[in-house]
Amino acid sequence: MKPSLVKGTRDFGPEQMSKRLFIFDTIRATFKRFGFLPLETPAMENLSTLTGKYGDEGDQLLFKILNSGDFAAGLTADGADQPPLHSKALLPRIAEKGLRYDLTVPFARYVVMNRHALALPFKRYQMQPVWRADRPQKGRYREFYQCDADVVGTDSLLCEAEIVLMVHEVMRNLGIEQFALKVNNRKILTGIAEMIGMPGQEGALAVAIDKLDKIGQDKVLDELRGRGFSEESLTALMPIFSVEGSTDSVLARLKEWLASSETAQRGIAELQETLQLVSQYGLDQPKTELDVTLARGLSYYTGAIFEVKALGVSIGSISGGGRYDNLTSAFGTSERLSGVGISFGVDRIYDVMEELSLFPADAGQGTAVLLVPFDADGRAVALPLLNQLRQADTSAEMYPDLAKVKKMLDYANAKRIPLVVLIGSEEVQTGQLTVKNMLTGVQEKLTADELIAFVTRS
RNA sequence: GUGAUUGUAGCUCAGUUGGUUAGAGCGUCGGAUUGUGGUUCCGAAGGUCGCGGGUUCGAGCCCCGUCUUUCACCCCA
């Protein structure tokens, strides 16, 4: 049989992996600098932990795991006198585990289970794969990695501000200079829904408004009509399409328009304070953009919402997050624990960086020096040198077989090893090794000590 | 989940209105004065034409199903 990959999954070869590790390392370094601690949770969770947290659509995208053993035991066969079993009714009887859909919900589960041992506020980062059963397409996979940093146990808007700072640091360290960090606040959307006489409908409102830049104002209105919004409410909504301009002027206009909504006013104030904290920090050339139409589908957000888009590429958002006030309450805690977090999508960041050629040249660099002995005598000289190079923190290897020189140099080219040390009888006798730069073709004679000095210097 | 789309050598692709032993480039392997690669020359290996059915004297080509790829919708990192 021919081997193949599961739909929407990929292998990562050495070259891809070294680029991916560059992304992981960059993000991890930032998370650590901001005081977040590492956490890992299992790939699978009880379905009861996962369901109901992501809305109906999200539940459908969960990968379920068939029970072990005779999962069909106790199921009755469909008979003429019985209605056929529907998969929806069948599911809880044959699957009680599922693959994690994101990192936020398992984190909330962890916090609730370990509440007694955690010093609040608790800051954790987590970089693990998640799985979603939707159709793969550009920038969308069934298995992909998220890098999350969340804080729970504080309402302080400093956390929101730090997320803004982290996003800037990560993007700039990755070399993604052209990006937009869109920010909004769910409370503003909630207030708008109240204002137009559709309280509690901010979810439907958000989903439709989120598509504004994609389908245009008229189609957004059509969609809202389809969702049961009256003409009256739509008329009341019109000002949202004309709030543009600088962040300050947008905030001022919103304040005026939503004057009667206490919720909206709180959202506006939160946003304002967050942005003020960011500017007090002294962030250079912030890429934050207030976008009233930014909604984000995940239903658990209650305050700030973030989304990062790379400019100049047609790949969806590469990062997103927000504040959630009652995620832990879904697990039955009476204590109100507020949290806020950000999630970086490694796979999309990879696609963006690949498309814009942003990976540094040495991101795929493996071995720095290849030792090429021509015979057993050369090998006797090469082995201690190999050891010395590695102790000097240089990645070095020796071609394992005594093969033809051509073959060994071909190997160096294939692995893009920039430096080759040729060791034949002449080199063994004089101690002057032939060091060849594979890029320029230039050769020079160096002693072992000179070689190590040269390699560690560059 | 809805609607399209793709599949021929390791890779990128040719392959006529259905007609004999399915081709190219690149790559791989071997060789061209036994201590020199990336540029040259010669040679070789490598394909159940995604898979399963059907139509036909005959299918890489037409039809159906299925899987896969890519894309739009939905939603999302």
Q: Relative to each other, are the rings of A:Tyr301 and A:Tyr324 parallel, tilted or perpendicular (30° and 60° limits)?
A: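 The arrangement is tilted - the two ring planes meet at 30° to 60°.
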
Q: Less than 4.5 Å apart, side chain to side chain, heavy atoms only: is that true for A:Leu385 and A:Leu433?
A: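 Yes; the side chains approach each other to less than 4.5 Å.
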
Q: Separation of A:Leu5 atom CG from B:U70 atom C1', in whole Å?
A: 16 Å

Q: When you measure from the side chain of A:Thr434, which nucleotide among B:C75, B:A77, B:G35 comes out closest?
A: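 Nearest nucleotide to the side chain: B:G35.
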
Q: Is A:Gln137 near enough to B:A72 that one of its side-chain N or O atoms lies under 4.0 angstrom from OP1 or OP2?
A: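 The answer is yes; a side-chain N or O of A:Gln137 sits under 4.0 Å from OP1 or OP2.
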
Q: At 4.0 Å (heavy atoms only), tell me whether A:Leu439 reaches a base, stays on the sugar-phosphate, or touches nothing.
A: base

Q: Is there a side-chain contact between A:Ser317 and A:Arg348 (heavy atoms, below 4.5 Å)?
A: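 Counting from C-beta outward, A:Ser317 and A:Arg348 do come under 4.5 Å.
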
Q: Sequence neighbours left out, what passes salt bridge (charged side-chain N to carboxylate O under 4.0 Å, His left out) with A:Asp150? Give chain and number order.
A: A:Arg124

Q: Considering every strand and a 4.0 Å limit on heavy-atom distances, what is the contact class for A:Gly8: base, sugar-phosphate, or nothing?
A: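 The residue A:Gly8 makes sugar-phosphate contact but no base contact.
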
Q: For a 4.5 angstrom cut-off between non-hydrogen side-chain atoms, does A:Leu205 reach A:Leu237?
A: yes

Q: Would you say the side chain of A:Tyr101 lies within less than 4.5 Å of the side chain of A:Glu45, judging by non-hydrogen atoms?
A: no

Q: Base, sugar-phosphate, or nothing: which does A:Asp410 touch, judged by heavy atoms less than 4.0 Å apart?
A: sugar-phosphate

Q: Quick one, A:Leu290 and A:Asn184 - any side-chain contact, counting heavy atoms below 4.5 Å?
A: yes

Q: Between A:Glu57 and A:Val405, which has a closest nucleotide on RNA chain B that is more 5'?
A: A:Val405

Q: Look at all strands and tell whether A:Ile318 reaches a base, only sugar-phosphate, or nothing, counting heavy atoms closer than 4.0 Å.
A: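 Sugar-phosphate contact only - A:Ile318 comes under 4.0 Å of backbone atoms but never of a base.
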
Q: Is there a side-chain contact between A:Phe107 and A:Val152 (heavy atoms, below 4.5 Å)?
A: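 Yes; the side chains approach each other to less than 4.5 Å.
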
Q: Considering only B:U69, B:A77, B:G3, which nucleotide approaches the side chain of A:Lys7 most closely?
A: B:U69

Q: With hydrogens left out and only the distance checked, is there a donor-acceptor pair under 3.5 Å joining A:Arg135's side chain and the base of B:G3?
A: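 Such a pair is found, so the answer is yes.
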
Q: To the nearest Å, give me how far apart CZ (A:Arg132) and P (B:G1) are.
A: 18 Å

Q: Using the P atom as the point on both nucleotides, what is the distance between B:G10 and B:U28, in whole Å?
A: 15 Å

Q: B:C75 C1' sits how many Å from A:Trp131 CH2, rounded?
A: 20 Å

Q: Could you tell me how far apart A:Tyr411 (OH) and B:C29 (P) are, to the nearest whole angstrom?
A: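 So the two atoms are 13 Å apart, to the nearest Å.
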
Q: What nucleotide among B:G37, B:C75, B:U36 has an atom nearest to a side-chain atom of A:Met438?
A: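 Looking only at heavy atoms from C-beta outward on A:Met438, the closest nucleotide is B:G37.
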
Q: Taking B:C51 as the reference, what is the distance to B:A9 when you measure between their P atoms (whole Å, please)?
A: 10 Å

Q: I'd like the C1' distance from B:U2 over to B:C49, given in whole Å.
A: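 Nearest-Å result for B:C49 against B:U2 at atom C1': 31 Å.
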
Q: Between B:G30 and A:Lys407, is there an OP1 or OP2 to side-chain N/O distance shorter than 4.0 Å?
A: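 For B:G30, OP1/OP2 do have a side-chain N/O of A:Lys407 under 4.0 Å.
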
Q: Any base atoms under 4.0 Å from A:Glu427, or only sugar-phosphate, or nothing? Heavy atoms, all strands.
A: base

Q: Under 5.5 Å centre to centre and under 30° between planes: does that hold for A:Phe144 and the six-membered base ring of B:A77?
A: yes

Q: Does a salt bridge link A:Asp347 with A:Arg10, judged by any charged N lying under 4.0 Å from a carboxylate O?
A: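 Result for this pair is yes, salt bridge flagged.
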
Q: Write down the distance between CZ (A:Arg142) and C1' (B:A77), rounded to a whole number of angstrom.
A: 16 Å

Q: Go through B:C75, B:G3, B:U36 for me and flag the one nearest to the A:Asp134 side chain.
A: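 Side chain of A:Asp134 sits closest to B:C75.
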
Q: Please report the distance separating the C1' of B:G7 from the corresponding atom of B:U12, rounded so that it comes out in whole Å.
A: 14 Å

Q: Using the C1' atom in both, what is the distance from B:C73 to B:G53, to the nearest Å?
A: 32 Å

Q: Take atom C1' in B:U68 and the same atom in B:U5, then report the distance between them in whole Å.
A: 12 Å

Q: Salt bridge or not between A:Glu289 and A:Lys309? Use side-chain N to carboxylate O under 4.0 Å.
A: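 The answer is no: the pair does not qualify as a salt bridge.
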
Q: RNA chain B: stems of at least 3 consecutive Watson-Crick or G-U pairs, cut-off 3.5 Å?
A: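 Stem list for RNA chain B: B:1-4 with B:70-73, B:10-13 with B:23-26, B:28-32 with B:40-44, B:50-54 with B:62-66.
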
Q: Given the C1' atoms of B:U48 and B:C42, what is the spacing between them in whole Å?
A: 32 Å

Q: Over how many whole Å does the gap from A:Lys406 atom NZ to B:U33 atom C1' extend?
A: 15 Å

Q: On the side chain of A:Asn413, is there an atom forming a donor-acceptor pair with the base of B:G38 - under 3.5 Å, no angle test?
A: no

Q: So what does A:Gln146 touch, heavy atoms closer than 4.0 Å: a base, only the sugar-phosphate, or nothing?
A: sugar-phosphate

Q: Nearest-Å distance, CZ (A:Arg10) to C1' (B:U70)?
A: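 The distance from CZ of A:Arg10 to C1' of B:U70 comes to 15 Å, rounded to the nearest Å.
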
Q: Need to verify one output field. Residue with the more 5' nearest nucleotide on RNA chain B, A:Thr9 or A:Val308?
A: A:Thr9

Q: Once you round it to whole Å, what is the distance between P of B:C76 and CD1 of A:Ile315?
A: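 Rounding to the nearest Å, CD1 of A:Ile315 and P of B:C76 are 18 Å apart.
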
Q: Set out, in order, the CA-CA distance, both residues' side-chain angles and the distance that settles salt bridge (Lys or Arg N to Asp or Glu O under 4.0 Å) for A:Glu450 and A:Lys445, then state yes or no.
A: CA-CA 9 Å; A:Glu450 285 167 343; A:Lys445 295 278 192 179; over 6 Å; no

Q: Check every strand shown and say whether A:Gly58 touches a base, only sugar-phosphate, or nothing at a heavy-atom separation below 4.0 Å.
A: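 Nothing: the residue A:Gly58, judged by heavy atoms under 4.0 Å, touches no strand.
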
Q: For nucleotides B:U16 and B:C62, find the distance between their P atoms and express it as a whole number of Å.
A: 10 Å

Q: What nucleotide, of B:G38, B:U36, B:A77, holds the atom closest to the side chain of A:Arg140?
A: B:A77

Q: What's the closest nucleotide to the side chain of A:Phe374 if the choices are B:C75, B:U36, B:G35?
A: B:G35

Q: So what does A:Lys404 touch, heavy atoms closer than 4.0 Å: a base, only the sugar-phosphate, or nothing?
A: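 If one applies the 4.0 Å heavy-atom cut-off, A:Lys404 turns out to touch the sugar-phosphate alone, with no base involved.
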
Q: Counting the atoms with a prime plus P, OP1 and OP2 as sugar-phosphate, which does A:Lys211 contact under 4.0 Å by heavy atoms, base, sugar-phosphate, or nothing?
A: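 Sugar-phosphate contact only - A:Lys211 comes under 4.0 Å of backbone atoms but never of a base.
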
Q: By the 4.0 Å heavy-atom rule, please label A:Tyr145 as base, sugar-phosphate, or nothing.
A: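 The residue A:Tyr145 makes no contact with any strand.
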
